[in-house]
Structure formats: C-alpha cells, structure tokens
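Keep in mind that the numbers below use all heavy atoms, side chains included, and drop hydrogens, waters and symmetry copies. Reminder, nothing fancy here: chain letters follow the sequence lines and each chain counts from 1.
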Amino acid sequence: MITFDNVTKRYPGSHEALTNVSFTINQGELVYVTGHSGAGKSTLLKLMAAIERPTTGTVLINNQNVSKLKSGTLPYVRRKFGLVFQDHKLLYDRNCYHNVALPLSINGITGQDAGKRIRAALDKVRLLDKEKAMPITLSGGEQQRLAIARAVVSRPSILIADEPTGNLDKVYAADILQLFNAFQQVGVTVIIATHDALGNSQNEHVSSKILHLNQGRLVKAEVAV
Amino acid sequence: MKSWLTQHSQALKLVLSRFKANLLNTLFICLAIGVTLALPSIMYTVLSSLSGLANNVKSESQISVFLSADQAVDTATAIKAALEKNAEVKSFKFVAKEDALKQLETATANNNVLSSLEQNPLPDAFFITPKNLDAASIESLKNDLAKLEGIEEVVVDGAWIKRLNYLILIGQKAMVIITSLLGFALVAVIGNTIRMQILTQQAEIEVSQLIGATKSFIRRPFLYLGALYGLIGGLFALFITYAVISVFNQSLNTLSREYQTDFSINLPDITSGSVVCLLSLVVGLVSAYFAVSKSLFKNIN
Ligand SMILES: Nc1ncnc2c1ncn2[C@@H]1O[C@H](COP(=O)(O)OP(=O)(O)O)[C@@H](O)[C@H]1O
Ligand SMILES: [Mg+2]
C-alpha cells in the first residue's frame, strides 16, 4: 500500500536527506524504521504521510503518485494516516479531550458521535480519567499516549509514529510499544521510527519488517520474526 | 450540503467561543471599527438630509417678477397672457399691490407704520414656478421675462440653493475621500488583529495542516472572525450615528423653530443601516482574507 521507488529527497539548501530509497510496505505490516539521528527517518515518514514530496523518484500511497497529486488533494491523502510526531505537537491551550477532538473536527465529525470516538480513543490509551486534564499536567508517557489517542481517533488504516519512545524510560517505552502492537493485531499498518538498536525483548514474538537507514541510504530491509 | 453546513457551523461555533474567551478585546476592536465607520456614516446622513432639503426647496423655488409702479392698467393683463403662452412657466400667481399690503399688515401685526405711509410702496407682482429647475433654464427664463414691457425687476430666489448644492457637492467629495482613507485604516486594523489571532493559534494551525486540514478549513474561522468584527463594528457605527444625530436634532429643532421651518436630519433607515452593516462586513471579510493568505501556509505546501 506504500511503495517507494528510487526516492531521493533534498531539502532546499541542504544535502540529500534520502538517497535512492526503494521499498514496499503491505497492509497490516509492523515496520520499524531504524538508524542514527540524522539518518533520514523523519524524512522517510514525512514522505509516506504526504507531508513532503520527493525530489526525484516516486512515492505511491494506495497506488496514488504523491508527486502527481494537486496540492489541494494532499490534505485528503494525509487523513488516511494517524500520525504521532517526534515532538508530540500536542496543543497546550486545551484539555486532553479537545486535543483528541482535533482530527475529528477536521473530518467534520462533531457532537455526540465525536464524543463517543474521543472517549473510546482515550480509553484505549488508558487516559479516560484524564479527559479534562491539561496536557502539561501529564507525565511524559501519558503525553505520548495522548498523542497516540489523537492519532488513532479517526480510525486510520496506517499509523505512523516518529520515535514514540525517544524520551521515555524503559518501562514506559515497553508500554507504548505494546500499544502499537495491539493496533497492529487488529489490522492497522504500523510504522515506527526509532533510533535505539532494536531487539527489545517485548517484540520478539511479533513479526516485523525493519528498514535500516544510514546517512539517507536504505542499507537493510529485513523481515524479523 | 449537510457536510457544508457542518463545516460552517463548526467554524462559526469556534469563532464565537473564541469571542467569548476574550470578550473585552473583541468589544474593544469592534468599538474601534464602529468609531471609524461612524464618521462617514454621520457625514452621509447629514449630506443626504441636506440634499433632500435642497431638492425640496428647489421644487418650491420661484421667480418673482415685480412690475414698475407707474404702469398702465393693462400691462398686468399683457404679462399674464405672455406667461400663459410661455412653455417654461409651470404656474404663476398674481398678487396685486393692495393684497400684498394686507398680507404685510397681518404678517407684521403693525398697522401704524403702514397706515402712516401716504401711498402703497409695494408693486404688483407675479410669482412664477418654472417648469425646469436647473440653473440654465432658470437663467434663460429670467432673461426672457426681463424683456417684457413694464417690468421693474426679476428676482430668482434660489441663489442660496445653488450655494447649498455646491456645499453638498464638496461635502460629498470629502466624504468619498475620507471614507476611502478610513477604509484602508480599517483593512489594516482588522488585518492586524487577525494576524495576531493567527499567531496565537500557530501551533493548532501547524498540526491541523499536518494531519490533513484543507486550506479552506483553516481559513474559514478567520474569515468568520473578520466578517463578525465588521458586522458588529457596523452595528456600533449605526448606534453612534443614531446617538450623535439625535443629539444634534434636539438643537436643530430649537433652531429651526425660530425660523419657522421644521428641518431635522433624518436618522438612517433600514436600507442605509443594512448597507452600512453589509459594507463593513465585506471590509472585515476582505481584510481577513488578505491577512490569512499572507500569514498562513508558509511552512507547508
Ligand atoms: N526541513 C528541513 N530542512 C533542511 N534540512 C532538513 C530538514 N529536515 C531534515 N533535514 C536534514 O535532513 C537530514 C535527515 O533528517 P531527519 O529525517 O530528521 O533524520 P532523523 O529523523 O533520522 O534524525 C538531516 O541531515 C537534517 O539536517
Ligand atoms: Mg527524526
């Protein structure tokens, strides 16, 4: 459902962040994007989510060529994804409930229907009792879970998370990964960028694909079981 | 259709909740807009009342023809016949000098001075209402009449109307200039206010764009904001116009009673009130549109 063919990305006034990257991700897969800081993981995720366009090469999302899409249709492509940003991008001027409400309101879902979905999403990340709390009062792990709730509230078929365990200690990190696994179990395609060496014991029983980046080049695409 | 409605009611609700959240700020901005708009609105109201007055008086405007004192008896009859033939004359009235004297007596209620006069100092007179009221026609009619036999003087009593009309014209030009200058000021004020709002909502706008909000979704609440600023400002302007003109009319009434007329400035009616509100709504909308287009969508394609 996501295909990169010879994709190169160069930011204006910068060197190549990605060079000749090709791979395919299928429906329902669990994919880890690994590599050092600056290897191009975030860039790869942004290209997948139609936030950036490739400099050369093609990115196909559900057989749609992102480069050929009019900029007016890009927002609708983006809505297929649930995104967890590297820096959360939570809105600190409103409570948890209204943070999770944002993607729904963008999709024109409001009122009772929205309320049900928001509470279901908060429930999934075990933050139902914090619905009225402001994000600033949450712990790091809770903020990350709130970001996940916002990403899944509109029931996307693809969930993309950029270093979701980056600043968390081991217990919290394992907890978050568990959540992603649960989504993958119910058929969601899950793509996670991480800079730590994988092999975290929790995931050994889950089959997953690893895209390893080194200085913008894909050096390994392997399936771990 | 339904989703269209949802989108708009969603944006409107959002804007109204933001309004409530900083009510004092909002009121202050709307008041500033109202004061700015009140000036041209008051000018317009005064000018249109004045030109109504000018038109009104113009239709009553007359040419007075005074006959020379020592005319023959049938001069008046000859002039009457000439006036009846003249196509430029709409109607006329003959006032004999005896009648004129009686009128003067009742008007001044002072018989002594007049009865002490040896003879009637007043001439016979025709009061003519011309058909065409423009300056050129009146002037040519005046010249025609002056050529008639036995006429002492032809007086057009509309000279001050000409002057009033010139003043109104100058006033209208001034109004157009002031309105356009203030219009620019309004666009700047509303645009700036909206840019500030955009700044405080920067984080939300960024995330929204990243997760698939369309440009119009992001633009819409700000357009509503500008339109509402304009609308409420327009209402404030109307209110100020009403208040100012009512105060003026009180003094005007006293003054015009002295002159035995009843001139007062018309308060704005429904039509001109709606025009003021609509115009300021449009100004608000346009300024918002420019502000949003200039400060949004920089970081993302
Ligand atoms: N918006 C940008 N403008 C210019 N250069 C960028 C931008 N984003 C990332 N880069 C550069 O691209 C390279 C890859 O960055 P990134 O994809 O963020 O790596 P990672 O997420 O693996 O740390 C880095 O060298 C970074 O400096
Ligand atoms: Mg990164």
From OG1 (T110(A)) to CG (L14(B)), nearest 0.5 Å:
12.0 Å
Is atom NE2 of H36(A) surrounded by more than 12 heavy atoms (other residues, nucleotides or ligands) closer than 6.0 Å?
no
Mind ranking L102(A), D93(A), T73(A), N107(A) by heavy-atom pairs under 4.5 Å with chain B and telling me who comes out on top?
L102(A)
Please check: side-chain N/O of R78(A) versus main-chain N/O of L210(B), any donor-acceptor pairing under 3.5 Å?
no
For atom CZ of R79(A), is the number of surrounding heavy atoms from other residues, nucleotides or ligands below 6.0 Å larger than 12?
yes
Are there over 12 heavy-atom neighbours, none belonging to F236(B), within less than 6.0 Å of that residue's CZ?
yes
Side-chain contact test, heavy atoms from C-beta onward, threshold under 4.5 Å: evaluate it for S105(A) versus F217(B) and give yes or no.
yes
Take atom CZ in F184(B); do more than 12 heavy atoms of anything else shown fall under 6.0 Å from it?
no
Can you tell me how far apart CD1 (I211(B)) and CZ (F85(A)) are? Round to the nearest 0.5 Å.
6.5 Å
For Q209(B) and I51(A), run side chain to side chain contact (heavy atoms under 4.5 Å, CB included): C-alpha distance rounded to whole Å, both residues' side-chain angles, the deciding distance at 0.1 Å, then the answer.
CA-CA 9 Å; Q209(B) 285 191 290; I51(A) 290 171; over 6 Å; no
Over 12 foreign heavy atoms within 6.0 Å of CG, D129(A)
yes
